[in-house]
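Sequence lines set the chain letters: A, B, ... in the order given, protein chains first and strands last, and positions in each chain run from 1.
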Protein chains: 2
Amino acid sequence: MFQTARSTKVFQDVVAQIEEAILSGRIPAGETLPSERELKAMFGVSRPTLREALRVLEEKGLIEIRLGTGGGPVVRRPDARRVAESLGLLIRSQRVALEHLAEFREGIEGRVAAQAALRRSASDVARLRELLAQARSCLEAGPGRREEFLEADKRIHLAIADATGNPIYQSVLASVHENIHRYYERFLSMAAPELRENYEDLEALVAAVAAGDAEAARRIAAGHVTRFNARMQARAASAGRTRRPRTGRPKARTRAALPARRLEEPRP
Amino acid sequence: MFQTARSTKVFQDVVAQIEEAILSGRIPAGETLPSERELKAMFGVSRPTLREALRVLEEKGLIEIRLGTGGGPVVRRPDARRVAESLGLLIRSQRVALEHLAEFREGIEGRVAAQAALRRSASDVARLRELLAQARSCLEAGPGRREEFLEADKRIHLAIADATGNPIYQSVLASVHENIHRYYERFLSMAAPELRENYEDLEALVAAVAAGDAEAARRIAAGHVTRFNARMQARAASAGRTRRPRTGRPKARTRAALPARRLEEPRP
DNA sequence: GACGCTAAATGGTCTGACCATTTATAGCCG
DNA sequence: CGGCTATAAATGGTCAGACCATTTAGCGTC
């Protein structure tokens with residue numbers, strides 16, 4: 001029923017103590033922790049052990065390690081990137097198909113647009129218009145800047161999420177877009193008429209958000225995403241079967257032969 | 001514009017290579033990687049360096065390290081726990097307020113319920129009814145099992161997310177519930193009438209999902225969550241100001257004095 | 001055949017040294 | 001006197017080899 005209370009691993013104890021000190025606010029963001037040599041003495045552990053602990057804290061986004069004189073472990077405030085990264089890992093580990101991502105996005109973008117319309121500030125609107133202008137110039141520049149257009153499209157969606165003022169929307173939507181663009185790029189449409197239609201959606205969307213018309217923003221965003229997904233899924237279908245998520249967990253316990261070996265030159 | 005391509009840190013290179021091997025599927029989940037001593041030879045690095053890399057991979061949820069003979073680094077499939085944890089870190093570091101979490105949940109639960117209604121299988125329905133019965137018995141047992149009732153409530157929501165068949169809904173909703181219960185537990189209502197109302201919502205929700213009535217499911221779920229949030233926020237307000245997220249980033253660069261020092265006995 | 005013990009494989013930790021990077025500072029030159 | 005440069009010091013990054021702790025597989029005994 002219960003696990004052994006005290007962890008047997010020293011580095012976990014170090015992680016826990018430093019994490020607690022950071023999360024409790026005893027060590028504020030921006031503060032530099034003592035150097036590794038000092039910390040090792042404070043905790044009574046060896047340097048490799050301490051470094052494992054620092055690596056874990058770094059991976060959690062709680063500290064950032066700077067080199068050189070005056071460097072050291074600096075306390076950070078965790079941001080949305082960690083959430084996006086772990087969500088991305090989940091998606092990449094082949095448990096999430098394109099349809100899942102698309103469906104999820106459809107569910108969320110409308111809501112985000114509506115909230116953004118209710119809360120947008122003047123600077124949000126200015127930023128959106130600026131991005132829209134960028135997108136337009138990319139579009140009119142022809143095929144050479146189509147990649148850039150898709151990037152601007154993404155930025156507009158993320159700027160709308162920012163306008164909601166809700167960091168959860170920001171990180172979740174960032175994760176979704178990040179993963180759509182990274183792993184399904186080959187299915188994004190580059191045909192001119194479709195890109196133009198896309199652009200017109202965005203223009204209407206920004207207008208609705210700027211006007212504070214939540215219902216219109218919701219409707220336009222939902223329609224935009226639905227069409228976008230339909231096109232992408234059509235291309236995915238014609239390009240062959242989309243990989244389906246696997247189920248179950250293999251129980252094999254053989255040793256894996258790690259294929260690549262790029263770092264094989266030992267130092268003299 | 002560009003960063004130096006090759007990372008200067010050896011352990012990052014090791015992380016990247018193993019991560020790529022795992023995510024590309026070359027090493028499937030369940031497989032055990034070579035032992036540390038073998039890996040260190042394969043990559044041409046020292047053991048501490050290799051171990052830092054393994055710690056990072058473990059923290060990412062990509063491997064799990066087992067002790068003893070036949071142990072070693074075992075490839076895992078990342079699950080929602082990492083997402084929930086990083087979201088929790090975001091919340092605990094005071095950048096996410098209760099309102100943000102509540103708002104996000106309101107946006108997603110209706111959609112989840114509707115999708116579940118469209119796709120639920122017989123076994124999903126059976127599981128929901130079972131959980132509902134548990135919740136009811138907890139409710140009728142009186143105050144002593146109210147914690148348990150809230151737990152059952154959570155499980156019902158997660159079971160509905162399971163029924164959608166979309167792993168993104170599952171992990172995102174799991175993360176939200178996890179964090180609501182961990183960090184806002186003191187604001188959850190324990191009053192009998194409210195719990196009963198909660199239960200009745202759930203009963204109606206399960207009925208709608210079972211009947212395949214997506215629109216009803218959506219409406220009931222949305223209302224349920226809205227009421228739940230309103231109650232929780234009322235309690236939070238009366239218990240004092242909800243902590244607001246801070247903005248900006250302190251730039252102070254002094255050395256922090258780490259207060260605690262529990263591991264101070266050096267080994268003999 | 002069931003049980004317990006032993007040994008081997010594996011991760012966990014320590015020590016101390018040296019290398020690489022960054023920045024502060026002192027000194028030089030204009 | 002001011003600005004630039006070279007040097008040194010502080011700090012993280014890496015290495016090497018050793019020993020301890022834990023777990024399991026395999027063997028032997030009952």
Taking side chain to side chain contact (heavy atoms under 4.5 Å, CB included) as the definition, give me every residue that meets it alongside [X], ordered by chain and number, with sequence neighbours left out.
X        : answer
B:Arg47  : B:Glu36, B:Arg37, B:Lys40, B:Arg51
B:Ala152 : B:Ala135
B:Ala84  : B:Ser175, B:Glu178
B:Glu130 : B:Gln134

Please state how far atom [atom1] in [X] lies from atom [atom2] in [N], giving the value in whole angstrom units.
X       : N      : atom1 : atom2 : answer
A:Phe11 : D:dA21 : CZ    : P     : 18 Å
B:Leu33 : C:dT10 : CG    : C1'   : 14 Å
A:Arg47 : C:dC19 : CZ    : C1'   : 11 Å
A:Lys40 : D:dG13 : NZ    : P     : 16 Å
A:Glu36 : C:dA17 : CD    : P     : 18 Å
B:Arg66 : D:dA21 : CZ    : C1'   : 19 Å
A:Leu57 : D:dG12 : CG    : P     : 14 Å
B:Leu50 : C:dT10 : CG    : P     : 14 Å

Strictly under 3.5 Å: I want the nitrogen or oxygen pairs between protein and nucleotides 21-25 of chain C, one per line.
{"from": "C:dT22", "atom 1": "O2", "to": "A:Thr69", "atom 2": "N", "distance (Å)": "3.2"}
{"from": "C:dT22", "atom 1": "O2", "to": "A:Thr69", "atom 2": "OG1", "distance (Å)": "3.2"}

**Item:** A:Arg51 side chain near D:dG13 phosphate (N/O to OP1/OP2, under 4.0 Å)
**Value:**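 True: A:Arg51 side-chain N/O within range (under 4.0 Å) of D:dG13 OP1/OP2.
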**Message:** Base of D:dG13, side chain of A:Arg55 - is there a donor-acceptor contact under 3.5 Å?
**Reply:**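 Flag unset: no donor-acceptor pair detected.
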**Item:** Any donor-acceptor pair under 3.5 Å from A:Arg119 side chain to A:Thr164 backbone
**Value:**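 Yes, the answer is positive, given that a donor and an acceptor are paired below the 3.5 Å cut-off.
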**Prompt:** By salt bridge (Lys or Arg N to Asp or Glu O under 4.0 Å), which residues pair with A:Arg105, not counting sequence neighbours?
**Reply:**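 Result, salt bridge (Lys or Arg N to Asp or Glu O under 4.0 Å) vs A:Arg105: A:Glu109.
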**Prompt:** Who pairs with A:Glu85 by salt bridge (Lys or Arg N to Asp or Glu O under 4.0 Å), at least two apart in sequence or on another chain?
**Reply:**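 Result, salt bridge (Lys or Arg N to Asp or Glu O under 4.0 Å) vs A:Glu85: A:Arg82, B:Lys60.
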**Asked** Do A:Gln170 and A:Asn166 meet the criterion of a side-chain donor-acceptor pair at a distance under 3.5 Å?
**Response**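 No, no side-chain donor-acceptor contact under 3.5 Å.
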**Request:** Please tell me which of B:Glu58 and A:Pro48 maps to the more 5' nucleotide of DNA chain C, matching each residue to the nucleotide holding its nearest heavy atom.
**Result:**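 Result: B:Glu58.
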**Message:** Applying ring pair (Phe, Tyr, Trp, His ring centres under 6.0 Å), can you list everything that pairs with A:Phe11, at least two apart in sequence or on another chain?
**Reply:**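 Testing A:Phe11 for ring pair (Phe, Tyr, Trp, His ring centres under 6.0 Å), a comparison that skips the adjacent residues, returns none.
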**Upstream residue (5' side of DNA chain D) when B:Ser46 and B:Arg37 are each assigned their closest nucleotide** =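 Nearest nucleotide further toward 5': that of B:Ser46.
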So which protein nitrogen or oxygen atoms get under 3.5 Å of nucleotides 4-7 of chain D's nitrogens or oxygens?
none

**Request:** Could you please name the option among D:dC15, C:dC18, C:dG11 that lies closest to any side-chain atom of B:Val45?
**Result:**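 Given the options D:dC15, C:dC18, C:dG11, the side chain of B:Val45 is closest to D:dC15.
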